[in-house]
**Student:** 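One structure, pasted below without further comment.
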Amino acid sequence: MPDPIKPVIVGVPGPSGSRPDDDLLAGLNEPQREAVTYRGPALLIVAGAGSGKTSVLTRRIASLLRSREAWPSQILAITFTNKAAGEMRERVRGLIGDTAQGMWISTFHSACVRILRREADQFGFTKNFTIYDSGDSRALIKRLVKEHEADAFGFTPASVQGRISKLKNELADAESFARTANLSDPAERVFAEVFADYQRALQRANAFDFDDLIGQTVYLFRAFPHVADVYRRRFRHILVDEYQDTNHAQYALIHELTRPPGSDGQAHDSGMMIFDAPSGGAGGEEAASLTVVGDSDQSIYAFRGADIRNITEFERDYPGAKVVLLEQNYRSTQTILDAANAVIGNNFDRKDKKLWTDVGPGSAIIGFTGYSQHDEAQFVADEVEALHRAGTAYSEMAVFYRTNSQSRALEEIFIRSAVPYKIMGGTKFYERAEIKDAMAYLIAVANPADELSVRRILNRPRRGIGDVTETSIARYAAEEGITFRDALANASALGVGPKIQQAIAHLDAVLAEATEVMLPASGEVAPPTSVTEGLNVLLNKSGYLDALRRSKDPQDEARVENLDELVAVTREFARNNPEGTLLDFLTEVALVSDADDLDDSSGSVSLMTMHTAKGLEFDAVFVTGVEEDLIPHRISANEPGGPQEERRLFYVALTRARKKLHVSLAMTRAQFGEVSAALPSRFLQEIPHELIDWRQSPGDVNSRGGTQSRALNGRPGSGAGRGGFGGGSRYGDDLVPLPRREKPAGDITKFANRIPAKVRDNGDLELAPGDRIRHDDFGEGRVDMITGEGAKRVAHVRFDSAGPKKLLIKIAPIAKL
DNA sequence: TTCAAACGGCTTTTT
DNA sequence: GCCGTTTGAA
């Protein structure tokens with residue numbers, strides 16, 4: 001690596017005219033410019049929602065590179081998601097071209113994996129370690145809870161996992177926990193044992209869980225100062241986005257990296273901050289400069305250990321830090337900002353900060369109250385269609401909800417209404433059983449020490465290997481002092497029946513063959529295409545695919561398709577990573593969440609939780625399920641700081657919208673199969689009522705029309721024809737009415753389950769333009785045209801009372817007249 | 001060991 | 001209303 005050119009510019013450049021940065025500063029307001037150009041040891045950018053922080057961050061990086069203050073390799077930028085990292089990389093490249101190569105722009109987790117893979121052998125791991133996602137670690141914990149009979153003390157796998165995760169986020173480990181815990185309490189003692197065993201199992205499996213990726217990197221830096229110094233010397237400019245959502249471990253990691261190199265031994269073990277202003281002491285080597293960006297109003301991850309104090313006390317942690325405030329919003333209309341400001345203003349312990357814009361008021365927020373969640377979903381679908389007809393692209397619209405389970409009703413209606421959508425996050429591809437199985441096969445090859453993975457594939461497909469045999473293998477391995485995986489090579493010594501011996505020997509042979517493909521013993525490096533090849537060997541020769549194909553369970557057909565998809569992913573990986581290894585592939589899969597997949601151009605409406613929505617923006621936003629017990633969520637109500645965090649979450653949701661914001665709720669909601677009455681969220685009342693134009697207000701639903709089935713008469717106020725204003729009833733001078741509980745029980749059931757769980761199938765119903773049809777909900781109408789092919793044929797229908805709709809012919813509740 | 005049927009519990013948000 | 005777990009039978 002070439003020596004860096006020494007920084008030329010220190011401190012804020014003079015105001016003189018033409019500097020190389022001029023184009024980078026074009027179009028920025030004064031605080032934004034300052035955030036780009038300030039030079040010093042520490043900079044905090046307090047960036048309100050939509051204030052252009054990504055732009056500022058990318059230009060700051062570009063400016064550092066362009067002025068030769070830093071080489072790309074000296075820059076470490078941390079983002080919250082891989083997607084954000086990719087976008088930032090692109091934008092920097094757009095500003096200064098390919099010279100941007102070599103920067104580290106990644107999430108905390110990805111950066112730590114890179115470091116750990118490099119340094120693993122320093123402390124008892126090897127570089128082919130496995131990354132356990134929460135499902136993997138829960139499976140392991142589950143076994144340990146059982147072994148220790150910890151359930152007798154009320155521990156569940158989930159509760160143990162949560163507690164361990166919390167401890168790790170505070171950088172506690174099993175030993176330090178045992179030192180401080182009250183071990184005379186038997187429950188505490190059992191927990192301490194499970195924790196210790198869990199950690200030992202991870203170490204034996206050569207594996208890290210998500211929290212370890214951060215925590216062990218911190219440990220590595222603290223235990224091996226010479227290793228830490230390598231990275232301290234390397235990264236001269238560290239930038240952290242979404243700083244309000246960092247937890248203690250991440251905070252500690254940043255602190256380790258921003259110490260002056262070679263300074264260890266002085267303030268080491270104390271855990272104290274030793275950030276000396278760059279005057280530098282004797283050593284002369286300066287600490288890296290640190291830039292953090294955040295907004296305490298958008299802190300929504302306290303539940304996973306994010307500590308808002310990391311940002312509120314930044315100035316204390318880094319004395320002399322410069323603070324820049326970005327309050328001008330470039331995203332939303334003033335109406336949206338007024339609503340958001342009003343809501344967040346109800347959080348008392350915050351620094352007052354008001355977003356403003358100069359784009360004008362824009363249109364009113366549209367409110368809607370459905371009878372049921374399906375009714376609400378239908379409103380969203382109708383509105384999406386109306387906006388689409390008016391020229392808004394589907395990809396510019398998003399629907400948010402608090403809990404993942406709320407997506408189902410929306411999905412059902414969207415499918416029926418033929419609205420193209422995609423769910424971000426949600427049930428993840430990589431969490432499907434068959435995909436996890438396939439990944440376990442790959443991991444068994446890459447990291448044979450990973451017993452969990454080997455155990456997982458032991459009887460998949462069914463080989464007649466049950467609990468008894470599994471235990472025999474484990475016992476044999478323990479006796480011989482070899483790994484579980486190696487024990488498979490000695491089937492005849494296990495003391496099991498000949499049939500089972502044969503099955504084990506076969507599995508062993510398949511694993512060995514795939515190993516030779518992907519990690520040749522000859523020592524030459526396998527080409528990236530070998531991952532595809534190896535996966536095919538594993539899936540075919542193990543009999544996994546055959547078993548699925550032979551099965552008569554209709555779902556298994558879909559599983560085969562999913563596995564085909566995974567094979568396609570490996571091919572894609574090989575194309576994108578000409579140097580990629582099996583290990584690289586596994587890393588990518590472990591760390592890239594589904595929310596990251598980048599097919600935004602697909603022209604679909606995005607459905608996601610409010611959490612996933614952070615950092616995104618759309619022309620039109622639908623915030624659904626704005627009900628008590630949902631937002632704020634019931635569980636958060638009793639947690640300290642819970643309701644406030646929920647309010648911030650709602651605030652984040654509102655501020656994603658550029659032009660059109662919709663808030664909706666339902667009067668009844670089915671949960672756990674039970675239908676119950678829902679109340680409007682308290683947050684709704686915090687929005688000044690004149691900002692909301694109610695198409696159908698909570699009052700409408702309660703007082704009149706409540707007994708009349710809208711399934712029969714369609715929806716009066718919806719559809720394309722209505723301009724939006726003046727149609728629905730507004731609240732006059734009243735506050736948004738408080739919910740009334742006394743609702744006739746009768747109409748609760750009436751509207752709750754209009755959507756049958758079973759998908760209906762019209763077979764190959766033939767429709768042509770001009771046909772008259774009858775729809776269960778919308779009544780009669782005339783077919784305008786037919787688009788699409790086969791099962792995806794869509795009828796565009798103009799209903800007499802409900803207006804224009806698109807219907808998926810195969811499943812819509814329609815009949816030809 | 002595997003399968004089907006009944007049962008109970010539960011869901012906040014995620015790298 | 002779904003999931004995983006438990007139970008009993010083959």
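As the structure is a prediction and not an experimental result, all values here were calculated from the model. Reminder, nothing fancy here: chain letters follow the sequence lines and each chain counts from 1.
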**Student:** From CG of A:L458 over to P of B:dT2, roughly how many Å is that when rounded to an integer?
**Tutor:** 11 Å

**Student:** Hey, are A:N82 and A:S110 close enough side-chain-wise for a donor-acceptor pair under 3.5 Å?
**Tutor:** yes

**Student:** Do the side chain of A:H633 and the base of B:dT12 come within less than 3.5 angstrom through a donor-acceptor pair of N or O atoms?
**Tutor:** no

**Student:** Under 5.5 Å centre to centre and under 30° between planes: does that hold for A:F303 and the six-membered base ring of B:dT13?
**Tutor:** yes

**Student:** Measuring to OP1 and OP2 of B:dT13, would you say a side-chain N or O of A:T612 lies under 4.0 angstrom away?
**Tutor:** no

**Student:** Applying side-chain contact (heavy atoms from CB on, under 4.5 Å), name anything that partners A:A438, two or more places apart in sequence or on another chain.
**Tutor:** A:L535, A:L539, A:L563, A:L566

**Student:** Does the cation-pi check pass for A:R647 over A:F683, that is, NZ or CZ under 6.0 Å from the six-membered ring centre and within 45° of its axis?
**Tutor:** no

**Student:** Starting at atom CZ of A:R432, determine the distance to atom P of C:dC3, rounded to an integer number of angstrom.
**Tutor:** 11 Å

**Student:** Would you please indicate if the ring centroids of A:F125 and A:F208 are separated by under 6.0 Å?
**Tutor:** yes

**Student:** What pairs with A:Y198 under side-chain contact (heavy atoms from CB on, under 4.5 Å), at least two apart in sequence or on another chain?
**Tutor:** A:S137, A:L140, A:I141, A:L144, A:I164, A:K168, A:L202, A:D209

**Student:** May I ask you to check if A:R304 and A:Y301 form a cation-pi contact, with NZ or CZ under 6.0 angstrom from the six-membered ring centre and within 45° of the axis?
**Tutor:** yes

**Student:** Measure the distance from CG on A:L253 to P on B:dT15 and round it to the nearest whole Å.
**Tutor:** 18 Å

**Student:** If a stem is a run of at least 3 consecutive Watson-Crick or G-U pairs, both distances under 3.5 Å, which stems include DNA chain C?
**Tutor:** B:1-9 with C:2-10

